[in-house]
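In what follows, a single structure is set out as structure tokens and then discussed.
The structure presented is a predicted model; accordingly, all values stated were derived computationally and were not measured.
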Amino acid sequence: MSQKIKDLKAIIKIQEQVLNAKEDENKILGEILDKHWQRFDDHFRWFHYYKLVEQYARRLEKQIPNLIKERNDITRAYNGLAELGKFAKELGVDITKHNKNLPENQDKYDFEQKHTLMESGKVKHSYKLKPKKRKKNANKR
């Protein structure tokens with residue numbers, strides 16, 4: 001029996017050595033993980049940032065058609081007004097002199113303009129000028 005006890009003690013010592021070696025190995029692996037964790041964390045943050053930038057770019061791309069349409073509408077409106085200005089000059093009207101009398105520069109009128117692109121490719125310009133409704137003062141007799 002004493003031989004068996006000696007053998008068991010030897011096995012226990014070998015197992016303790018294996019456990020100690022595993023603990024040392026785990027400690028080394030833990031140090032390696034700690035060193036590389038910061039790098040992984042930085043990569044993860046950049047990846048997350050990249051995804052946010054990608055989503056923002058997609059949102060901006062969706063806005064492009066509306067912005068192009070808006071730009072074209074503004075250009076059409078400007079062209080319509082420029083054509084009216086040329087027409088006025090041909091008739092001998094000094095536009096700068098009468099600028100302050102324009103409906104949009106006065107508070108007496110509601111001024112609207114609309115520019116529609118026709119199927120033929122031409123642009124139809126329409127302008128509306130309506131006198132503003134005056135509020136009646138209830139205190140006046």
Side-chain angles (χ1 to χ4, degrees), residues 1 3-141:
M1 199 53 138
Q3 182 60 36
K4 197 171 189 181
I5 292 175
K6 285 182 184 179
D7 289 342
L8 290 174
K9 284 183 180 180
I11 291 172
I12 290 173
K13 281 188 179 183
I14 292 172
Q15 287 177 341
E16 285 177 350
Q17 290 173 353
V18 169
L19 285 174
N20 288 336
K22 289 291 181 185
E23 285 177 3
D24 291 342
E25 185 180 329
N26 285 344
K27 186 186 283 186
I28 292 170
L29 288 175
E31 290 171 2
I32 291 171
L33 278 174
D34 287 343
K35 287 179 185 176
H36 294 290
W37 180 253
Q38 181 63 37
R39 225 182 298 167
F40 171 77
D41 193 41
D42 290 343
H43 288 297
F44 182 75
R45 286 185 188 151
W46 278 108
F47 178 76
H48 180 69
Y49 176 74
Y50 173 77
K51 286 296 182 185
L52 291 175
V53 169
E54 197 175 54
Q55 289 172 355
Y56 183 67
R58 272 191 246 118
R59 263 190 259 139
L60 289 176
E61 285 175 359
K62 288 179 183 177
Q63 292 177 5
I64 289 173
N66 290 334
L67 293 173
I68 290 172
K69 182 184 180 300
E70 218 174 279
R71 184 207 57 204
N72 290 343
D73 289 344
I74 291 169
T75 304
R76 285 188 192 103
Y78 175 80
N79 288 342
L81 290 173
E83 287 298 315
L84 279 178
K86 287 179 189 176
F87 182 66
K89 276 188 179 177
E90 288 173 4
L91 293 175
V93 177
D94 184 9
I95 296 172
T96 54
K97 178 181 169 186
H98 299 286
N99 191 25
K100 64 180 178 250
N101 296 328
L102 286 173
E104 62 267 24
N105 293 335
Q106 292 183 359
D107 208 24
K108 298 177 188 177
Y109 302 99
D110 286 326
F111 178 74
E112 294 178 24
Q113 57 179 331
K114 185 178 177 185
H115 309 280
T116 308
L117 179 63
M118 308 300 280
E119 286 184 16
S120 64
K122 293 184 180 182
V123 179
K124 178 184 174 186
H125 305 282
S126 62
Y127 304 92
K128 293 180 183 178
L129 180 67
K130 296 178 186 175
K132 286 188 175 181
K133 294 180 181 178
R134 296 182 187 222
K135 294 180 181 177
K136 294 186 180 181
N137 195 348
N139 295 333
K140 282 191 174 180
R141 291 185 180 175

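Applying the side-chain hydrogen bond (donor to acceptor under 3.5 Å, both in side chains) definition to pairs two or more places apart or across chains, none involves residues 19-31. Within the structure, every pair that satisfies the salt bridge (Lys or Arg N to Asp or Glu O under 4.0 Å) test and touches residues 38-53, not counting sequence neighbours, is listed here: Asp41-Arg45, Lys51-Glu54. Contacts classified as side-chain hydrogen bond (donor to acceptor under 3.5 Å, both in side chains) and involving residues 116-127 (residues at least two apart or in different chains) are given here: His115-His125.
Partners of Tyr78 under the side-chain contact (heavy atoms from CB on, under 4.5 Å) rule, at least two apart in sequence or in another chain, are Ala82. Residues meeting the salt bridge (charged side-chain N to carboxylate O under 4.0 Å, His left out) test with Glu83, sequence neighbours left out: Lys86. Residues satisfying the ring pair (Phe, Tyr, Trp, His ring centres under 6.0 Å) test with Tyr50, not counting sequence neighbours, are none. The side-chain contact (heavy atoms from CB on, under 4.5 Å) test applied to Leu33 returns no partner, not counting sequence neighbours. Scored by the side-chain contact (heavy atoms from CB on, under 4.5 Å) test, Leu117 finds Arg76, Val123 as partners (sequence neighbours excluded). Take Ile12 and apply the side-chain contact (heavy atoms from CB on, under 4.5 Å) test, not counting sequence neighbours, and it matches Glu16. With sequence neighbours excluded, the residues satisfying ring pair (Phe, Tyr, Trp, His ring centres under 6.0 Å) with Phe40 are Trp37. Residues satisfying the side-chain hydrogen bond (donor to acceptor under 3.5 Å, both in side chains) criterion with Asn66, sequence neighbours excluded, are absent altogether. In this view, Lys69 and Asp73 satisfy the salt bridge (charged side-chain N to carboxylate O under 4.0 Å, His left out) rule, not counting sequence neighbours.
Of the residues Leu60, Leu67, Ile68, the one that meets the side chain to side chain contact (heavy atoms under 4.5 Å, CB included) test with Ile64 is Ile68.
Atom NZ of Lys6 and atom CD1 of Ile11 lie 14.5 Å apart (nearest 0.5 Å). Atom CD of Gln15 sits about 7.0 Å away from atom CG of Leu19, to the nearest 0.5 Å. With values rounded to the nearest 0.5 angstrom, Leu8 atom CG is found 7.0 Å from Lys4 atom NZ. Taken to the nearest 0.5 Å, the CD atom of Gln63 stands 10.5 Å off from the CD atom of Glu61.
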